[in-house]
Structures are given as C-alpha cells and as structure tokens.
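Provided herewith is a single structure, encoded as structure tokens, for subsequent inquiry.
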Amino acid sequence: MSTMSPELALVDPELRADAVARLPPIYVNTFLDFPPFPVACKPPLRASAALAYLAVAIVRTLVFDAGVFAVVAAVVLIASLLG
C-alpha cells in the first residue's frame with residue numbers, strides 16, 4: 001500500500017479509482033441497526049440502593065420543610081411582636 005496525495009487522487013482517474021476501491025463498504029442505514037442488548041451484563045436490581053435513595057429523599061424533604069416552617073414561624077413571631 002502506497003501513500004498518495006488526496007489532491008493527486010482527485011486529478012488522476014486511475015489513482016482515484018484505486019483510492020475509491022480501497023474504501024470500506026458503507027451501509028447507509030447503519031445507524032438504524034441496534035446491537036442486541038446483552039442480557040448477561042444487565043446489572044441486578046438493588047433494593048438497598050432504592051431504599052437508600054428513598055430515605056435520603058425523605059430526609060431532605062423533612063429538613064427543607066422544617067426550615068420553611070421555622071422561617072415562617074419566625075416571620076409570624078416578629079410580625080406579631082411589632083404589630
């Protein structure tokens with residue numbers, strides 16, 4: 001296999017034909033072909049991870065609600081003391 005200039009391959013018909021013949025075949029609809037999903041590589045469902053995520057979500061919600069409750073209670077207290 002020799003190295004050739006792309007410009008020379010465009011000008012010389014024999015070199016162009018040789019360069020085109022060396023190109024790999026192209027299938028236009030390759031993006032539509034999906035490889036089969038490997039069943040063996042599928043990660044197992046972890047209940048502990050789901051429960052941990054649920055616990056973290058509940059704790060975050062409770063902390064946020066407690067913060068909002070404390071701020072509203074402070075604003076009401078200040079408003080009742082000033083008013």
Side-chain angles (χ1 to χ4, degrees):
M1 183 171 146
S2 65
T3 333
M4 70 176 87
S5 163
E7 294 85 9
L8 186 58
L10 288 175
V11 174
D12 187 12
E14 288 181 20
L15 289 178
R16 184 177 192 286
D18 184 40
V20 170
R22 292 182 186 191
L23 289 175
I26 297 173
Y27 176 56
V28 179
N29 296 326
T30 304
F31 68 96
L32 295 175
D33 295 337
F34 295 106
F37 186 72
V39 179
C41 295
K42 194 158 95 172
L45 180 63
R46 302 191 106 162
S48 60
L51 290 175
Y53 182 77
L54 178 64
V56 168
I58 290 173
V59 168
R60 285 179 62 194
T61 302
L62 291 176
V63 168
F64 180 77
D65 287 349
V68 170
F69 181 78
V71 169
V72 170
V75 168
V76 168
L77 179 66
I78 292 172
S80 67
L81 292 176
L82 293 178

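From a predicted model like this one, the values you see are computed outputs, not experimental measurements. For the numbers below, each heavy atom of this structure counts, side chains included, while hydrogens, waters and symmetry mates do not. Start at 1 with the first residue, then count along the sequence.
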Taking only distance into account, with no hydrogens and no angle test, what donor-acceptor pairs under 3.5 Å do side-chain atoms of residues 61-78 form with protein atoms, sequence neighbours excluded?
from, atom 1, to, atom 2, distance (Å)
Thr61, OG1, Ala57, O, 2.8

Does Asn29 have any side chain to side chain contact (heavy atoms under 4.5 Å, CB included) partners at least two apart in sequence or in another chain, and if so, which?
Tyr27, Phe31, Leu32

Kindly give the cluster partners of Tyr53, where membership spreads through any ILVMFWY side chain lying under 4.5 Å from a current member.
none

